[in-house]
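The structure appears below as structure tokens.
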Amino acid sequence: MKRCLIVTGGGDCPGLNAVIRAIVKRAAREKEWEIIGSIEAFNGILREPTEIVILDEKAVSGIHYRGGTILQTTNKGGPFAWPIKEKDGSWSSVDRSDEMLRKMQYLGIEAVINIGGDGSQRISQKLFEKGCNIIGVPKTIDNDLTATDSTFGFQTAVQIATEAVDKLVTTAASHNRVLILEVMGRYAGWIALNAAVAGGAEICLLPEFPYDVNKVLERVNRRFERDRGFVIIVISEGARAIGKDFSILSEVEIGNENRRLGGVANVLMHQLKEAGCDHSMRTTVLGHLQRGGVPIAYDRVLATQFGVKAFEMVLDKEFGRMVSYRHPKITSVSLQEAIREPNLVDDETALMNTARGIDISFGD
Ligand code: F6P
């Protein structure tokens with residue numbers, strides 16, 4: 001029997017289980033393959049005793065509509081930066097990649113499918129350079145990967161954010177308020193932009209377009225002077241005023257390359273107050289609700305396509321590559337290309353033109 005290992009790394013994302021199920025079901029059609037999963041990203045391999053599970057058709061039956069990942073995940077640590085607590089309580093990290101590769105060889109693992117975002121795919125590339133037969137599957141609600149037209153989980157997050165806007169409208173209209181909704185996306189404004197257009201928000205503030213508080217206030221006032229006296233502002237967690245820094249909840253930690261963003265909705269509310277806004281204002285931070293629950297049909301379909309393609313890439317020995325959706329094809333790109341640069345909103349983005357066309361303000 002040949003063994004293929006599935007790993008889910010980084011933040012959880014609606015559709016992960018649909019990818020796992022698709023890989024297992026596709027592999028079941030080839031008699032000589034056994035699929036196993038590592039618990040909590042690569043930690044399952046690195047831990048002693050090893051934490052791996054056998055994934056047969058029974059194990060993945062009916063999981064396609066379940067959120068999260070049956071394999072669990074983490075965005076901390078990993079084979080190249082395994083966190084170690086020193087005697088004085090401080091943290092350092094060690095590279096355990098060689099040890100992990102030896103262990104995988106001992107376990108008879110011939111191929112690895114690593115489902116994750118940019119951080120996970122950087123790990124995939126480094127493992128590939130060390131001789132690992134690895135394939136990447138892109139995963140992120142942020143949609144911030146250039147190497148694929150779209151990632152599963154993103155549309156579910158947009159749907160949840162849009163429903164939140166719809167709900168906030170009722171309170172905003174009843175109380176004549178300015179309601180500010182903070183959504184995820186890290187340094188990419190895709191979730192905010194899509195939810196603002198779908199939800200009919202007046203103002204949308206994105207990481208890619210630092211805002212001028214006075215322009216935001218001007219638009220708020222204009223809206224109150226006209227017909228209806230309420231405003232919905234959708235703000236991306238990575239947005240910031242011109243000349244100001246990002247709103248950070250915690251800095252980079254050992255084993256976690258990302259700063260935690262958050263709190264910008266409150267920052268904006270105070271900036272507006274200081275600039276003279278006297279309307280009643282409230283903030284909502286949508287947070288992890290955007291990653292939770294059942295994936296919408298689009299994401300289940302895309303996730304299933306990615307899973308089947310990933311295993312077919314194992315069969316074809318297309319290692320060192322990541323599955324990619326380039327409409328209308330499910331294809332692949334080299335991992336190196338996949339991690340080269342992030343996918344950000346810019347003025348060339350068709351939806352930006354649409355949004356400006358319906359007079360959404362970006363505070364710029
Ligand atoms: O990358 C997905 C994402 O949800 C981002 O939108 C967000 O900034 C981050 O992960 C939150 O990470 P955590 O779950 O570690 O707080």
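Read the numbers this way: they start at 1 and go in the same order the structure lists the ligands and their atoms. Everything numeric here is computed off the predicted structure, so don't read it as measured data.
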Result of checking E318, R326, E337 against S332 for side-chain hydrogen bond (donor to acceptor under 3.5 Å, both in side chains): E318

Q121 side chain vs I339 backbone, donor-acceptor pair below 3.5 Å: no

Under 3.5 Å: donor-acceptor pair, side chain of W190, backbone of N343: yes

T50 and K103: side chain donor to acceptor below 3.5 Å: yes

Parallel, tilted or perpendicular: rings of F306 and F152 (30°, 60°): perpendicular

Heavy-atom nearest neighbour of atom 13 (P) of ligand 1 within options R259, H288, R260, Q290: H288

Identity of the nearest option to atom 1 (O) of ligand 1, non-hydrogen atoms only, from D142, N75, D144, L249: D142

Any N or O of G185 closer than 3.5 Å to N or O of ligand 1: yes

Close N or O approach (E237, ligand 1; < 3.5 Å): yes

Part of L261 within contact of ligand 1 (heavy atoms, under 4.0 Å): neither

